[in-house]
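Input: a single structure, listed below in C-alpha cells.
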Amino acid sequence: MYHRLTMENLTELKLLRDLYHYKTLGYTYFSDIKKPIITMEREMDLPSCLEELSLTAHQCSLCTLSNSRKQVVFGEGNPDADIMFVGEGPGAVEDETGRPFVGKSGQLLTKIIESTLDVKREDVYIANIVKCRPPLNRVPSKEEAQKCLPFLMKQIELVKPKIIITLGATSYQYLSGDYESAISKIRGEMIQFSHALLMPTFHPSFLLRNPSAKKYVFLDMQKVKALL
Ligand code: URA
C-alpha cells in the first residue's frame with residue numbers, strides 16, 4: 001500500500017520512535033492519570049507559595065482527621081528539590097513533632113536517601129498524602145485523601161520536582177489514581193506524571209518488616225540516581 005509522507009505523519013513517526021526509545025529505557029506511559037475535578041478546583045484556590053500553603057493546611061478542618069491530630073504535618077525539605085518523596089500519612093512521632101518521616105521508618109528513609117542517592121535529606125522534599133495522622137495509623141480513607149490531595153498537588157506544582165517517589169501502595173494509588181497495579185509489580189517503573197516522573201517503590205515501614213525487600217528499593221534508587 002502506498003502512503004504519502006506528509007509533515008504531519010513524519011512528526012507522528014518521530015514521536016512514535018521516541019516513545020519506543022523511552023519504552024526500551026523502562027518508561028511506562030499512562031494516558032489517564034485520574035484527577036478528580038473537585039481536586040483541581042480546590043488546588044486553584046490554594047496559595048501559590050509554600051509558607052502560605054502550610055499556614056492554610058494548619059488551619060484545615062475539611063476532614064475528621066483534624067479532630068484527632070496533635071499537629072499538622074505539612075512536609076519539609078528543599079523547596080527547589082529535584083526529588084520529592086510522598087508517604088501515606090503521619091505516624092505517632094510525626095504527629096508529636098509536626099515533621100514527616102522522623103520515626104523509625106523515617107530514619108530508614110533518611111538512610112536510604114543519603115546512602116543510595118548521595119544527597120542529604122535536606123536536599124529532597126518529603127510530604128505525605130494526608131497531612132494529619134489517621135488514628136491508630138490506619139490507612140487514610142479515599143475521602144480523606146481526596147480532601148487533602150490539593151495540598152500535595154500544590155506542593156508538587158511549587159517545588160517542581162523532576163522525580164516523585166511514592167512510598168508504598170497507598171501513596172501510589174491515591175496520587176496516580178491507579179488502583180489496579182500491585183505495588184510489587186509496578187515498583188521501579190517510571191511513569192509520566194504531569195511535568196515530573198513518578199516512581200513507586202516500597203514503603204520504609206514495609207522494609208522494616210521485610211528487610212529482604214531492601215534490595216529492590218536499592219535498585220529503584222539507582223534508577224532515580226541515573227536520571228539526575
Ligand atoms: N509513614 C508515612 O507514610 N509518613 C510519615 O511521615 C511517617 C511514616
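Remember, predicted model here, so these are calculated numbers, not experimental data. Start at 1 and go down the list; that is how both ligands and their atoms are numbered.
The shell of residues lying under 4.0 angstrom from ligand 1, judged by heavy atoms, includes S105. Ligand 1 has H203 within reach: a non-hydrogen atom of the residue lies less than 4.0 Å from it. Taking 4.0 Å as the cut-off, G103 does not count as a neighbour of ligand 1 on heavy-atom distance.
When heavy-atom distances to ligand 1 are checked against a 4.0 Å cut-off, E94 comes that close only through its side chain, counted from C-beta outward.
Without hydrogens or angle criteria, S54 side chain to L50 main chain gives no donor-acceptor distance under 3.5 Å. Under the 3.5 Å distance criterion, the side-chain polar atoms of K223 are matched with a main-chain donor or acceptor of G188. With E189 contributing its side chain and I186 its backbone, the two residues share no donor-acceptor pair below 3.5 Å. In this structure, Q155 contributes its side chain and F74 its backbone to a donor-acceptor pair below 3.5 Å.
Close contacts of ligand 1 with G87, meaning ligand atoms under 4.0 Å from a residue heavy atom, involve 3 (O).
When the salt bridge (charged side-chain N to carboxylate O under 4.0 Å, His left out) test is applied to D123, no partner is found at least two apart in sequence or on another chain.
Regarding atom 4 (N) of ligand 1, its nearest protein heavy-atom neighbour is N128 OD1, 2.8 Å.
Between F101 and ligand 1, a contact under 3.5 Å exists for at least one N or O pair. For ligand 1, one of its N or O atoms has an N or O atom of G89 under 3.5 Å away.
No salt bridge links R133 with E94; every basic N to acidic carboxylate O contact stays at or beyond 4.0 Å.
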